Every structure is written in C-alpha cells, then in structure tokens.
Amino acid sequence: MVQGTVFRHADFDAEADCEKLREAFRGAGTDEDAIIDVVCHRVVDQRMEIVKKYKSMYGKDLIDEVKSETSYHFREVLVSLLLPTPKFLARVCRNAISGPGTSEGALINVLVGATKEELEAIKEAYQVMKESHDVKELENDIKDDTSGSLQRVLVSLLQGHREEGPADHEVAEKDAQDLFKAGSGRWGTDESTFNKVIATRSPAHLKRTFNEYKNAADGENIETAIKSEMSGDVKDAFLAIVRVIRDTEMYFAEQLYKSMKGLGTNDDKLIRLVVWRCEIDMKEIKECFKIVSSGKTLEEFIRDDCSGDYKNALLALVED
C-alpha cells in the first residue's frame, strides 16, 4: 500500500492553528517558519477546516492573507496547499491553458496521473471557476487550445472511462498486433489506434498488451515504438500513459527529476507534483527517485535547487 509523507496531525486544533497563523502575519515581519509548521504539516481536510475557521475568527480570507504576506514560489506552494485538491488541479489546468501558448506538459501530468474520481472532481471544480474567470468547460478549453492527435488523447483521458478488470489474453494479443500494424508495421503512424487502445483499456489489460507487443514486434517494446513513430507532445502523452500504467510512482519520480535536472528548475512542475503527491504516494516516489537519480535523494535535489522559505516548505512536505 502506497504512503504519503504528510500525515494527519494527531492533536489537530483548527482554532489554535488559526491563532498561530494570525500571529505569524502580524507585526513588522512575517514568521514564515510558523506558517510552514501549520500549513505543511496538516492533511488537506485539516487545511480546509483551517481556511474556514480563519475567516470565521478574523473576517479575512486566509489565502488572501498568504498572498499579501508571502511571495514568489513560497507563496505558490502555500496557496496550492490551501485549495481543495480538485480545485488545485483545476487551477493547474486553467493556468496551463490560459495566456499565450499552452503548457501541454502540465495537462499531460494531470490527465494521465489522475484517477477516475479525481477527473470528475477536477471537471466540476473547473466549472465552478466560471464564476470568477472567463472559462468554458475543461473539455472545450482543451479543444480550443490543442489540436490533432494530442487533442484527441487528452479529450479521451478527460472522459475518465478507462476500462477496469483483468486482462483478456486473446484481446491483448489482438491489441498488440493492432498497435504494431498501426506503427512500426506500416509506413506512417495510425495514432487513432494507439488512442483507442492505450487511452481506454484497463491497466491490467494494457500490461498484458505491452508484453504481447514485444512478441509482435520482434522484441521491440512499446516505448521504443512510440519514440520512433511519434514526436512532440503527442509522443510525450502516450509515453506518460505507458509509464503510469507500468509504474505510477516511477513516472512521478521521473517527472520530479526532470523538473530539477540540468540548468534551472521548472518550479511550477516541482510545486505541482510535490503538493499533489505528498499525501498519496510520496514515500514510494522518493524510493523511485533514488533509482532515477543514481542514488541522490529528492531532499538533496531540493536543497541544491531551491532556497529560503520555498526550499523549507518543500522539504517539510517530502521529508518522512
């Protein structure tokens, strides 16, 4: 069973936490350590209780207080934590779509990694955003901002209609043959076949199909076929689905590693992944991260790539 790194606070007292936060905001300076101690060490339902209690006690919105008293990436971590998870992920999608260009990587992360239940909640939260933003339904916005095969795979994933249940051996063999014929076994690529199979079949069935694919393709695995037959964001989307099906925690470990490796840090991605997974499966992700990074821990990467209160907040979320 997977495990997060942020746990329910045993002696939780929403009123006491609100008093501590209020005191941290008052005076000449802001007590960032006190804010981290509360916000980064409570699970999401406890944080939501704090948000409600704070407004009742002081007549002020806690998120507005955080925005006025903190800045930059540290502020983004805190604001993300103070939103219900579906609203946080809907906000990620909205930010990915709004403005010049579309951050396809963020959409792929969310739509590939979310469960059926999360997808439904994200769509509902996105609709609620209509009250304060000029947005349509998430599906319509994705259609407006993407095109071609990428659009089709994202829309397919958004439906949340992936099959469940065990693998069907005969169907898996046929699916593997169909995938081979749609890619390496022909001139050009029939991406619609990849979409039909990879975006809809059950995880157990796809694992069997991927094994059967190696038989159909003379030992070539499905990832190699996707890399050779596709390019750009649609390639990234299909590879992400395959990796999540094979090993969800390894996929997120790879994404965290990519957010920090090399020159510069993709802070939006780092924050998104840490906030999303810290209560779900971060313990296992950290073990996978050491494999991806040749032995270096996630905490070591964060210490090297981040600084100040931003670094301290992230470490509070990922440390056991």
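Just so we're clear, the structure is a prediction, and the values are computed from it rather than from any experiment.
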Using only heavy-atom distances, determine whether the side chains of [X] and [Y] contain a donor-acceptor pair under 3.5 Å.
X      : Y      : answer
Thr224 : Asn221 : yes
Asp268 : His73  : no
Glu69  : Thr30  : yes
Thr193 : Asp178 : no
Tyr54  : Asp17  : no
Gln151 : Lys143 : no
Ser192 : Asp190 : yes

Spacing of [atom1] belonging to [X] relative to [atom2] belonging to [Y], to within rounding of 0.5 Å:
X      : Y      : atom1 : atom2 : result
Ile226 : Ser231 : CD1   : OG    : 12.5 Å
Ser80  : Arg272 : OG    : CZ    : 10.5 Å
Leu138 : Glu124 : CG    : CD    : 12.5 Å
Met260 : Cys306 : CE    : SG    : 7.0 Å
Leu315 : Ile302 : CG    : CD1   : 5.5 Å
Leu270 : Gln255 : CG    : CD    : 12.0 Å

Identify the residue among [options] that makes a side-chain contact (heavy atoms from CB on, under 4.5 Å) with [X].
X      : options                        : value
Phe194 : Ile222, Val234, Ile241         : Ile222
Thr5   : Lys286, Arg277, Glu319, Glu279 : Lys286
Val112 : Leu239, Ile245, Leu157         : Leu157

Which is it for Asp31 and Lys20 under the salt bridge (charged side-chain N to carboxylate O under 4.0 Å, His left out) test, yes or no, and what are the steps along the way?
CA-CA 10 Å; Asp31 187 347; Lys20 186 172 182 175; over 6 Å; no
Counting only heavy atoms not in [X], do more than 12 sit closer than 6.0 Å to its [atom1] atom?
X      : atom1 : value
Lys123 : NZ    : yes
Lys52  : NZ    : no
Lys296 : NZ    : yes
Asp218 : CG    : no
Lys235 : NZ    : yes

Under a 4.5 Å cut-off applied to non-hydrogen side-chain atoms, are [X] and [Y] in contact?
X      : Y      : value
Asp141 : Arg94  : yes
Asn95  : Ser103 : no
Val318 : Cys278 : no
Leu154 : Ile108 : yes
Ile50  : Arg42  : yes
Glu104 : Asp145 : no

What heavy-atom pair brings [X] and [Y] nearest, and what distance separates the two atoms?
X      : Y      : answer
Ala316 : Cys40  : CB-CB, 3.8 Å
Trp276 : Gly113 : CH2-C, 3.6 Å
Ala106 : Ala96  : CB-CB, 3.9 Å
Thr146 : Ile142 : OG1-O, 2.6 Å
Ile35  : Ala24  : CG1-CB, 3.8 Å

I'd like to know if the side chain of [X] and the backbone of [Y] have a donor-acceptor N/O pair within less than 3.5 Å.
X      : Y      : result
Asp309 : Glu32  : no
Glu118 : Thr115 : yes
Arg47  : Leu81  : yes
Glu300 : Thr297 : yes
His41  : His9   : no
Glu76  : Tyr72  : no
Asp281 : Glu284 : no

Under the salt bridge (Lys or Arg N to Asp or Glu O under 4.0 Å) test, residues paired with Arg162 that sit two or more places apart:
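Per chain and number, Arg162 pairs via salt bridge (Lys or Arg N to Asp or Glu O under 4.0 Å) with no residue.
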Please assess Glu65 against Arg22 for the test salt bridge (charged side-chain N to carboxylate O under 4.0 Å, His left out), listing each intermediate value before the final yes or no.
CA-CA 9 Å; Glu65 291 268 80; Arg22 178 63 171 166; 3.3 Å; yes
Test side-chain contact (heavy atoms from CB on, under 4.5 Å) applied to Leu78 and Tyr310, step by step:
CA-CA 9 Å; Leu78 297 176; Tyr310 172 43; over 6 Å; no
Salt-bridge contact Asp305-Lys311 (side-chain N to carboxylate O under 4.0 Å)
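No, no charged N to carboxylate O under 4.0 Å.
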Can a salt bridge be assigned to the pair Glu212 and Arg208 using a cut-off of 4.0 Å between side-chain N and carboxylate O?
yes
Kindly indicate, with the supporting measurements, whether the criterion salt bridge (charged side-chain N to carboxylate O under 4.0 Å, His left out) is fulfilled by Glu223 and Arg246.
CA-CA 11 Å; Glu223 290 94 333; Arg246 288 198 190 278; 2.6 Å; yes
Under 6.0 Å from the six-membered ring centre of Tyr251 and within 45° of its axis: does the NZ or CZ of Arg243 meet both?
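Pair Arg243/Tyr251 does not count as cation-pi.
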Tell me if the aromatic rings of Phe289 and Phe252 count as close, with their centers under 6.0 Å from one another.
no
Decide yes or no on side-chain contact (heavy atoms from CB on, under 4.5 Å) for Leu298 and Tyr257, but give the supporting numbers first.
CA-CA 8 Å; Leu298 175 59; Tyr257 177 70; over 6 Å; no
Between Glu220 and Tyr213, does the side-chain contact (heavy atoms from CB on, under 4.5 Å) criterion hold? Intermediate values first, please.
CA-CA 8 Å; Glu220 179 184 74; Tyr213 184 89; 3.6 Å; yes
Same hydrophobic cluster for Ile285 and Phe7, using side-chain heavy-atom links shorter than 4.5 Å among ILVMFWY?
no
Let's go through Val39 and Leu21 carefully: what are the C-alpha distance in whole Å and the side-chain angles of both, what is the deciding distance for side-chain contact (heavy atoms from CB on, under 4.5 Å) to 0.1 Å, and is it a yes or a no?
CA-CA 9 Å; Val39 178; Leu21 289 171; 4.3 Å; yes
